[in-house]
Structure formats: structure tokens, C-alpha cells
Amino acid sequence: MIVKKVPDVTFRTRVRDENIEGPNPYRWEDKTTADYFGNKRVILFSLPGAFTPTCSTYQLPDFEKLYAEFQAEGIDEIYCVSVNDAFVMNAWGKAQGLKNIKLIPDGSGEFTRKMGMLVAKDNLGFGMRSWRYAAVINNGVVEQWFEEEGFSDNCDTDPYGVSAPQNILASLKMAKAA
Ligand code: BEZ
């Protein structure tokens with residue numbers, strides 16, 4: 001595991017505001033680590049990019065479908081963070097029809113860098129992105145950590161398994177039974 005506590009950063013989000021006229025009724029809203037993680041037990045999962053195939057076909061929709069089961073295991077929120085800006089993350093959430101999972105834009109990569117999870121993906125023309133990982137985080141403290149194997153820059157493959165929601169759910173159930 002890289003960190004024990006999630007780093008303090010400010011995320012620049014875009015939120016809908018019905019008081020704004022015109023075709024694009026959104027405004028900036030800064031959210032801090034404390035806003036997202038304070039006094040809650042959450043799942044955080046991170047992936048290489050919005051709209052990428054594994055993330056859009058399996059990881060995000062599967063977390064969305066299994067949300068109630070995570071709640072039953074004492075999880076208050078499920079967050080997906082990616083090194084993408086708020087416009088991209090909002091468009092991805094809309095395309096996915098998300099109701100349960102909250103997307104966190106880490107456009108500058110500051111959060112991901114401070115988590116120790118920033119990798120180069122220049123081989124794909126992506127620049128710096130997140131290695132795929134997930135965590136159970138209780139009031140900002142990492143309780144369980146799920147990192148895909150082979151952490152590296154410009155990785156040829158995109159490992160996916162350990163951070164799949166089914167695996168995390170099984171781990172939560174096992175921890176509860178122990
Ligand atoms: C995928 O999610 O399938 C993916 C992620 C990064 C690069 C290419 C594909």
C-alpha cells in the first residue's frame with residue numbers, strides 16, 4: 001500500500017445550477033478531500049481514463065449495479081476518480097446514466113500523484129494518468145487496498161481484476177465474517 005491517509009487536495013468540479021441562463025447552466029464548485037471522505041466509509045476506485053473500454057463496459061457499470069450490495073456492507077458512497085477534467089467526467093457520467101456512483105475529476109493529477117498512483121501513459125497518447133486501483137476508505141484512512149499488478153509507466157497491458165467490484169465486495173464480506 002502506498003498511502004495510509006488520502007491526501008488533502010481541492011477538486012475543481014462543475015455542477016448544474018438552474019439559476020444560470022443559457023445553454024450551459026453549470027458553474028465551478030470546489031470540493032475538498034474532507035468533503036468527499038470526511039466521516040464516511042467509502043469505496044474509491046481509480047482508472048486510466050473516462051470513456052475507455054474496460055472502465056465503461058465493466059468497472060463503472062458493475063459498481064453502479066452492485067451499489068446496494070456495497071451499502072449493505074456499510075459503504076456510504078462509491079467514488080470513481082480519474083485524471084480527467086470536470087467537463088469530461090460529467091460527460092462520461094451522463095453517457096453512463098449514473099445514479100449511484102459519484103465521479104471525481106482529478107484533472108491536474110494532484111490527488112493521484114499524492115496517492116503514489118500517477119503513471120505515464122504516453123504510449124497511448126494519454127500523458128500522465130492513474131494506475132488502476134481501488135480502496136475502502138474510512139474517514140479518510142485507507143482500510144483495504146486493491147491495486148492491479150505491474151504498476152509501471154507506459155504499460156503495454158491494462159490489468160483488471162483485483163480492483164473489480166465483485167472482488168472488493170467479496171473482501172468486505174470476508175472481513176465482516178472474520
Ligand atoms: C480500457 O479501459 O480498456 C483501457 C484503458 C486505458 C487504455 C486503453 C484501454
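Order of listing sets the numbers, starting from 1, for every ligand and every atom in it. No hydrogens, no waters, no symmetry mates; every other heavy atom, side chains included, goes into these values. In this text the structure is predicted, and so the values were computed from the model without any measurement.
Between E77 and K102 there is a salt bridge, since a side-chain N of the basic residue sits under 4.0 Å from a carboxylate O of the acidic one. At a threshold of 4.0 Å, the pair R132-E149 does not count as salt-bridged, since none of the basic side-chain nitrogens sits closer than that to a carboxylate oxygen.
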Could you pull out every donor-acceptor pair under 3.5 Å between side chains of residues 38-47 and any protein atom, sequence neighbours left out?
{"residue": "K40", "atom": "NZ", "partner": "D35", "partner atom": "O", "Å": "2.8"}
{"residue": "K40", "atom": "NZ", "partner": "Y36", "partner atom": "O", "Å": "3.4"}
{"residue": "R41", "atom": "NE", "partner": "E143", "partner atom": "OE1", "Å": "3.3"}
{"residue": "R41", "atom": "NE", "partner": "E143", "partner atom": "OE2", "Å": "3.1"}
{"residue": "R41", "atom": "NH1", "partner": "E73", "partner atom": "O", "Å": "3.0"}
{"residue": "R41", "atom": "NH2", "partner": "E143", "partner atom": "OE2", "Å": "2.7"}
{"residue": "S46", "atom": "OG", "partner": "V81", "partner atom": "O", "Å": "3.2"}
{"residue": "S46", "atom": "OG", "partner": "S130", "partner atom": "OG", "Å": "2.6"}

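Interface of R132 with ligand 1, defined as ligand atoms under 4.0 Å from a residue heavy atom, comprises 2 (O). Shown in contact with L124 at under 4.0 Å from a heavy atom are these atoms of ligand 1, numbered in order with element: 7 (C). Within ligand 1, the atoms closer than 4.0 Å to a non-hydrogen atom of P53 are 1 (C), 2 (O), 3 (O), 4 (C), 9 (C), numbered from 1 in the order shown.
For atom 4 (C) of ligand 1, the closest heavy atom belonging to the protein is D158 OD2, 3.4 Å. Protein heavy atom in closest approach to atom 2 (O) of ligand 1: T54 N, 2.9 Å.
Below 30°, between 30° and 60°, or above 60°: for F37 and Y79 the angle between ring planes is above 60°, a perpendicular geometry.
Under a 4.0 angstrom heavy-atom cut-off, C55 registers as being in contact with ligand 1.
Donor-acceptor pairing under 3.5 Å is lacking for the side chains of D30 and T10.
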